[in-house]
Amino acid sequence: MSLKAVVRGCGAYLPERVLTNLELSKTVDTTDEWIRERTGIEERHIAAEGEKTSDLGAAAAKAALEAAGMNASDIDLVVVATTTPDLTFPSTAAIIQAKLGIEQGAAFDLQAVCTGFIYAMSTVEKFLACGQHKRALVIGAETFSRILDWEDRSTCVLFGDGAGALVLEAQDESTANGRGLMGDYLRCDGRMVDLLYVDGGVSSTKTTGHVRMQGNKVFREAVTRISEAMERVAENAKIDVRDIDWFVPHQANARIIQGVVRKLDLRRDQVISTIAGQGNTSAASIPLAYCQGVADGRIKEGDLVLLEAMGGGLTWGAALLRA
Ligand code: UT7
């Protein structure tokens, strides 16, 4: 018996507070025009005082459970991709598990910065495929606003807060109708740590630190590495990248997404983009965009969807699934 990891439902949560480019231009030396032209971002959501990553993640997970028609007792694995945990320990996954009233199974966090959700999907797929767990919540949840230097215009305009979640279920291949995760490709090249990092941490400064990025250097790496990952995943699944129905990219920069679309000869109308209203929500951006595509009726059962991300590490990767 071969088991597939099939998406049963998805959910999203964005904090109420919206921060516009115009508001930002009153506190740092930037303009709405610069941010829109260079990134595609118009506004982003910011978590309220006291609103934690686990609150965002639990809200998204609840919505995903509802969409799947499941409840807490159905879930035996919770994996949270996050770089902005509530606490140094225990994991945000443990906190979310308790908030959801899940009393069985395992829970842990996974840290691959903006590529976290792809890493988490890949990891969870293996747990489900080997039969060890039956139904998993895979959550991407971030409060990046907490680690931004709000005086650094080169980073503070880029990020936002939010959470997205998918319920993945192990289903026998013979009854899954081709649905499920079809493959993934994960990479890391730690020699590029200095391009994008947080200048604090438990064992170094004993502080949380702030995001530091050599944006143009990351930008130069992005299109080539992301495209290569997407092509590799498609090739392994024996499909042509152009045969996909939907492209759900990590939402770091509209110009990176357009560069990938051009390089791989995709169509612009295949892209699910949330960047204008959400900015870069790191590990949450892929499930948020996926949910947007499902909610507005674009992504339908049976559609072929290609996901990709790149982030600190550098890490990067792609995943292919039949919805
Ligand atoms: O999600 C994780 C992965 N992250 C990414 O993939 C991000 C990749 N990088 C990027 O998206 C882009 O590099 C940025 C959006 C961060 C920056 O765009 P850029 O076109 O690469 O600009 P740049 O860094 O080369 O800076 C160009 C100019 C500089 O001024 P000078 O030196 O030419 O006078 C910057 O100081 O733009 C200036 N600048 C700004 N100006 C107005 C940088 N940030 C801002 C700003 N407003 N917010």
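In this chain, numbering begins with 1 at the start of the sequence shown. Each ligand, and each atom within it, is numbered from 1 in the order the structure gives.
For ligand 1, the polar-atom distance check against L158 finds no nitrogen or oxygen pair separated by under 3.5 Å. For ligand 1, the polar-atom distance check finds an N/O of R255 within less than 3.5 Å of one of the ligand's N/O atoms.
Remark: distances from the non-hydrogen atoms of I35 to ligand 1 are all 4.0 Å or more. Not a single heavy atom of A222 sits under 4.0 Å from any atom of ligand 1.
Using a cut-off of 4.0 Å between Lys/Arg side-chain N and Asp/Glu carboxylate O, R17 and E51 are scored as not salt-bridged. Under 4.0 Å is where a charged nitrogen must lie from a carboxylate oxygen, and between R153 and D29 at least one such pair does. Here D265 pairs with R242 in a salt bridge; the nearest charged N to carboxylate O distance falls below 4.0 Å.
Residue, atom and distance of the protein heavy atom nearest to atom 22 (O) of ligand 1 are W34 CZ2, 4.1 Å. Scanning all protein heavy atoms for the shortest distance to atom 30 (O) of ligand 1 gives R153 NH2, 4.3 Å.
Contacts between I256 and ligand 1 below 4.0 angstrom, taking non-hydrogen atoms only, involve the side chain exclusively. Counting heavy atoms under 4.0 Å from ligand 1, residue N280 touches it through the side chain alone. When heavy-atom distances to ligand 1 are checked against a 4.0 Å cut-off, N216 comes that close through both its backbone and its side chain. Residue V113 does not touch ligand 1, judged by heavy-atom distances below 4.0 Å.
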Worked check of side-chain contact (heavy atoms from CB on, under 4.5 Å) between L14 and L288: CA-CA 9 Å; L14 292 165; L288 277 167; 4.0 Å; yes

Derivation and outcome, side-chain contact (heavy atoms from CB on, under 4.5 Å), residues I118 and Y185: CA-CA 9 Å; I118 301 281; Y185 177 74; over 6 Å; no

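Side chains of S145 and D161: a donor-acceptor N/O pair is present below 3.5 angstrom, by distance only. Between the side chains of S2 and E173, at least one donor-acceptor pair of N or O atoms lies under 3.5 Å.
Each of the following atoms of ligand 1 lies closer than 4.0 Å to a heavy atom of H250: 1 (O), 2 (C).
Between M121 and L307 the shortest heavy-atom distance is CE-CD1, 3.7 Å.
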